[in-house]
Structure formats: structure tokens, C-alpha cells
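The model shown is predicted, which means the values in this text are computed figures rather than measured ones.
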Amino acid sequence: MQKQAIFQSKLLPYALVAPQLAIVLIFFYWPAVQAAIQSFLLQDAFGLSTSFVWFENYLDLFKEPAYFAAIVRTFVFSFAIAVSSLSFALLLAVMADRPLRGSTLYRTLLIWPYAVAPPVVGVLWVFMLHPSLGVLSRYLRAMGIDWNPLLDGDQAAALIILAAAWKQISYNFLFFLAGLQSIPKSVIEAAAIDGARPMRRVFWTVIFPLLSPTIFFLLVINIVYAFFDTFGIIDTMTRGGPGKATETLVYKVYTDGLLGGNLGSSAAQSVILMVIVVMLTAIQFRFVERKVTY
């Protein structure tokens with residue numbers, strides 16, 4: 001018999017969900033509405049008065065070449081971070097799923113980086129790859145690589161991608177490992193009896209299709225992570241430099257709004273950023289989910 005929760009009062013269920021609803025309304029919907037309203041306003045240099053300018057903030061953004069460069073840069077960063085973090089996490093999960101001595105210790109160590117805050121991740125990687133103080137920079141110079149992310153924009157971008165992907169690997173590893181452990185061993189054994197070779201059996205005919213719901217979920221999460229949660233890493237490591245080579249959309253919202261004082265343009269950018277993420281998520285659910293096997 002299926003158990004069903006029975007409340008003595010009709011108001012009790014609403015009271016139980018009220019705190020969560022209050023948090024969502026106060027910290028998500030209310031700021032989103034305020035940003036949408038602010039995007040149609042123009043504030044004077046002293047912050048004493050505002051005027052309604054309709055879509056002028058949006059039109060100015062679309063005339064700015066630096067904004068389109070930030071859009072392209074954000075998409076490149078998101079793709080690189082998602083692909084690299086998912087690939088390495090899947091590889092580590094497959095290796096950790098094997099019956100090894102001390103596998104519990106290995107899994108615990110692989111999960112630890114997820115507990116590190118993004119700004120701390122940025123500080124760690126700066127110390128390791130700083131051009132003059134970094135430990136790993138010495139080996140790069142010994143190999144003949146002129147490593148200086150403070151002056152080279154491509155190297156700074158690679159450093160941001162590396163740090164952001166490392167931060168997200170642990171999160172992906174948790175879900176991949178759970179997905180691998182939920183696959184019935186009888187299915188793999190049946191494939192082995194049928195004569196399937198190990199690589200084909202593990203990655204293409206059995207395990208990979210069964211992991212497709214997990215991969216789809218992590219793909220959406222990683223893209224949202226790359227769009228928003230990399231702010232702390234960028235701010236700690238490069239502050240958008242050198243020459244705005246690592247300035248993504250979310251960091252441009254910060255620099256134009258808080259540092260530049262252009263609140264209307266910053267609000268318009270945040271609205272556009274939200275629309276882009278919603279569209280990307282909708283596209284993934286519309287087209288990518290068709291390839292998912294449940």
C-alpha cells in the first residue's frame with residue numbers, strides 16, 4: 001500500500017514551503033524584476049536622478065564591439081569548460097568504479113575540490129602558475145614555454161579554463177560515479193557473454209547510453225556554471241585582463257555596473273545574459289534530450 005502524507009490542517013503544507021518560497025521571491029525574482037526595470041532607465045553621473053529611455057541601453061550594447069567579443073568569449077569558455085570537466089570526470093569515475101584497494105580514499109580525495117570556493121580556486125592556481133612565483137611555471141620555462149598569463153591573453157584564458165574545469169570535475173565525478181554504480185552488473189555481464197570487447201562494451205553499447213540522462217543533466221549544469229559561477233575565479237585570477245581577454249558576460253556586468261557606474265547598461269546585460277542561458281537550456285531540452293535514453 002502506498003503511503004500518503006496526511007496533514008491535519010490545510011494551511012500546514014503552505015506553511016512548510018513558505019520559507020523556501022520567500023527565499024526564491026526575495027533573492028531571485030525580486031532582483032530579476034529590479035534588473036529588468038533598471039535596464040530601461042538611465043541614471044545621471046551623480047546618481048541623483050533617473051530617466052526612462054526605453055530600449056536605449058540595449059541598442060547601445062548591440063552597437064558596442066566589445067560586447068559581442070564578450071559573448072563569443074563566454075561561449076568559447078563555456079564549451080571548453082564543459083567538455084574538459086565532463087571528460088575528465090567521466091574518466092576518473094570509470095577508474096574509481098573499479099574494485100581497487102583503497103577506492104573509498106581515492107573517491108574522497110577526488111570529491112574534496114568541490115568544497116573549495118571559486119575565489120580560493122583562483123588563488124590556488126595563481127600560486128601554482130604565477131609567471132614569477134608559481135611552482136609549475138618553473139617547469140614550463142624549463143620546457144622552453146614563455147609562460148606569462150599576466151601579459152598573454154591566450155595563456156590567461158587557458159588558465160581560467162583550467163581552473164574552472166578543475167573546480168567542476170568533482171561535482172561531475174559524483175554524478176558519474178553514482179550513475180555507474182546504478183547500472184546493473186547483469187547488463188554488463190550479458191554484454192560480455194555476447195562477446196563485446198571491453199572498450200566497446202563500456203563506452204558505446206552499454207554504459208554510455210545508460211549514462212545519457214546523467215550526461216544531459218550535467219551538460220545543462222556545466223553550461224550554467226560556466227556562465228555564472230566562474231565570476232569568482234576570473235575576479236581573483238585576472239580581473240578580466242589582460243586587455244579584456246578573460247572578460248566574460250557575467251564579469252562585464254560587474255565591471256560596467258559596479259566599477260563603471262553604468263547601472264542601466266549593466267542591468268540590460270544581466271537581462272540579456274539571463275535570456276541567453278534560458279535559450280540554451282531550452283535548446284538542450286528540445287534537441288539534445290532526444291538522444292537521451294531513460
Chi angles and distances behind the side chain to side chain contact (heavy atoms under 4.5 Å, CB included) call for I276, L249:
CA-CA 11 Å; I276 291 175; L249 288 176; 4.1 Å; yes
Using the side chain to side chain contact (heavy atoms under 4.5 Å, CB included) rule, take F40 and E56 through it: C-alpha gap first, then chi angles, then the decisive distance, then the call.
CA-CA 7 Å; F40 295 103; E56 183 177 335; over 6 Å; no
Starting from the C-alpha separation in whole Å, work towards a yes-or-no answer on side chain to side chain contact (heavy atoms under 4.5 Å, CB included) for E64 and L61.
CA-CA 5 Å; E64 184 181 351; L61 281 178; 4.0 Å; yes
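If you take OH on Y67 and CD1 on I71, they are separated by 4.5 Å, rounding to the nearest 0.5 Å. Between the CG atom in L177 and the OG atom in S170 there is a gap of 12.0 Å [rounded to 0.5 Å]. The structure places CG of L90 at 10.0 Å from OG1 of T214, a figure rounded to the nearest 0.5 Å.
With contacts defined as side-chain heavy-atom distances shorter than 4.5 Å, the pair W30/L25 does not qualify. Here the side chains of K167 and P118 are in contact, with some heavy-atom distance below 4.5 Å. Residues W166 and W125 are in side-chain contact: their nearest non-hydrogen atoms beyond the backbone lie under 4.5 Å apart. Side-chain contact between S132 and S137: absent, with no pair of heavy atoms (C-beta onward) separated by less than 4.5 Å. No side-chain heavy atom of T230 sits less than 4.5 Å from a side-chain heavy atom of I160. Inter-residue side-chain proximity for Y171 and Y225 is flagged as unmet; no heavy-atom pair is nearer than 4.5 Å.
A donor-acceptor pair is defined here as one N or O able to donate and one able to accept, closer than 3.5 Å; such a pair exists between the side chain of R73 and the backbone of K244. Although no hydrogens or angles enter the test, the distance criterion places no donor-acceptor pair under 3.5 Å between the side chain of T248 and the main chain of T74. A donor-acceptor contact shorter than 3.5 Å is absent between the side chain of R141 and the backbone of W147. The main-chain N or O of L263 is never found under 3.5 Å from a side-chain atom of S266 such that the two would form a donor-acceptor pair. Judged by distance alone, with hydrogens and angles left aside, the side-chain atoms of S87 form no donor-acceptor pair with the main-chain N or O of S84 at under 3.5 Å. Listed for the T246 side chain is a donor-acceptor partner under 3.5 Å among the backbone atoms of G241. Here the side chain of N222 pairs a donor or acceptor atom with the backbone of L218 at under 3.5 angstrom. Checking side-chain atoms of T236 against main-chain N and O of I233 turns up no donor-acceptor pair under 3.5 Å. Formation of a donor-acceptor pair under 3.5 Å by the S265 side chain with backbone atoms of N262 is not found in this model. Side chain of Q155 to backbone of N148: a donor-acceptor contact under 3.5 angstrom is found.
Two rings, from F52 and W54, have their centers less than 6.0 Å apart. Ring centroid separation for the pair F176 and F173 does not come in under the 6.0 Å cut-off. Aromatic pair F79/F75: ring centres not closer than 6.0 Å.
Between Y254 and F231, the two ring planes are perpendicular [angle over 60°; tilted spans 30° to 60°]. Taking the six-membered ring where tryptophan is involved, the planes of F217 and F175 are tilted, since the angle between them lies from 30° to 60°.
Residue Y29 qualifies as open at atom OH: its count of foreign heavy atoms under 6.0 Å is 12 or below. More than 12 heavy atoms of other shown residues, nucleotides or ligands fall within 6.0 angstrom of atom OH in Y58.
Smallest separation of non-hydrogen atoms from P242 and A156: CD-CB, 3.5 Å. Closest non-hydrogen pair, I161 versus A80, comes out as CD1-CB, 3.7 Å.
Judged by distance alone, the side chains of D256 and Q269 do bring a donor and an acceptor atom under 3.5 Å apart.
Each of L124, V135, L136 was evaluated against L129; a single residue qualifies, L136, per the side-chain contact (heavy atoms from CB on, under 4.5 Å) test.
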